[in-house]
Amino acid sequence: MAGAIRSIVPTWREYYLVLTLPGLLLAVFYWWKLPLDHPTSDGSQRTATVAEDVPPRWGCYATLLVFTCLGGVVYSGVLQFLPRYLDEAGVQIAGAKPESVRNYCAGLVMLLGIVGQYMGGHLARPKTLEPMLATAFLAAAPCLLWMGLAEGVWRLVAAGLFAPLYFMHQPLY
């Protein structure tokens, strides 16, 4: 779908503008069509507004928003630059073009990210989400630092350690 959109719009700015439409439609849908269900003491469900039961926690919301934005910057950078980063890892496969090898390596790193997503979803518990989210980001940070300093095949190792730790945050959100 992204490729089809990109083939229709001429610039990357317009591409991102087009991608805002599904986000806005989902936001409107969630805002007006999905009630908040809260169980009552007798086990039945009742619909309530947030303001009725719980005061807004704007500080928590702002923190989550900032972390999500910063995480998105890292995510975008990883997807954009990972193949070029791994181009200098020195990995070779007999008969394969260097561009193909770097893409295979990037695919391997993304597969390790899937392992992290699985583990994050498997370990997640409602009462421990915040500490787990902080731990996932803190554990990934040294790997990013190592990625910035690594040379040769160590680039692949550093990226391979980074991916499961970083992508663990997605199911925690």
Quiz item: Does any pair with a residue in residues 74-88 pass salt bridge (charged side-chain N to carboxylate O under 4.0 Å, His left out), and if so which ones, sequence neighbours excluded?
Solution: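 Applying salt bridge (charged side-chain N to carboxylate O under 4.0 Å, His left out) to every pair that reaches into residues 74-88, excluding sequence neighbours, yields Asp87-Arg102, Glu88-Arg155.
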Exercise. For Gln170, enumerate each residue passing the side-chain hydrogen bond (donor to acceptor under 3.5 Å, both in side chains) test, keeping only those at least two apart in sequence or located in another chain.
Key: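 For Gln170 the side-chain hydrogen bond (donor to acceptor under 3.5 Å, both in side chains) partners, ignoring immediate neighbours, are Gln117.
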Say whether [X] and [Y] are linked into one hydrophobic cluster, either directly or through other cluster members, by side-chain heavy-atom distances under 4.5 angstrom.
| X | Y | result |
| --- | --- | --- |
| Leu108 | Val101 | no |
| Met168 | Leu145 | no |
| Val157 | Leu144 | no |
| Leu156 | Ile93 | yes |
| Leu161 | Trp154 | yes |

Over all atoms of both residues, closest heavy-atom pair of [X] and [Y]:
| X | Y | result |
| --- | --- | --- |
| Ala158 | Cys143 | O-CB, 4.3 Å |
| Gly121 | Pro171 | N-CG, 3.4 Å |
| Ala159 | Val109 | O-CG1, 3.6 Å |
| Leu172 | Gly120 | CD2-O, 3.7 Å |
| Gly160 | Pro164 | O-CD, 2.9 Å |

Are [X] and [Y] side-chain neighbours, meaning at least one heavy-atom pair lies under 4.5 Å?
| X | Y | result |
| --- | --- | --- |
| Val91 | Leu86 | no |
| Leu123 | Met132 | yes |
| Leu112 | Tyr166 | no |
| Val78 | Met110 | yes |
| Phe162 | Trp146 | no |

Quiz item: By side chain to side chain contact (heavy atoms under 4.5 Å, CB included), which residues pair with Thr135, not counting sequence neighbours?
Solution: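 Checked Thr135 against side chain to side chain contact (heavy atoms under 4.5 Å, CB included); zero matches.
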Quiz item: Can you name the side chain to side chain contact (heavy atoms under 4.5 Å, CB included) partners of Tyr118, sequence neighbours left out?
Solution: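 If we apply the side chain to side chain contact (heavy atoms under 4.5 Å, CB included) test to Tyr118, skipping adjacent residues, the hits are His122.
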Practice problem: Please list all pairs passing the ring pair (Phe, Tyr, Trp, His ring centres under 6.0 Å) test where one or both residues lie in residues 89-109, with sequence neighbours left out. | Solution: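 Checked against ring pair (Phe, Tyr, Trp, His ring centres under 6.0 Å) - neighbours excluded - no pair reaches residues 89-109.
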Exercise. Output the rest of the hydrophobic cluster of Leu111: all Ile, Leu, Val, Met, Phe, Trp and Tyr residues reachable through side-chain heavy-atom contacts under 4.5 Å, sorted by chain and number.
Key: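 Joined to Leu111, directly or through intermediates: Ile114.
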Quiz item: Once the angle between the rings of Phe167 and His169 is folded into 0 to 90°, is it parallel (under 30°), tilted (30 to 60°) or perpendicular (over 60°)?
Solution: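 Answer is parallel, since the angle falls under 30°.
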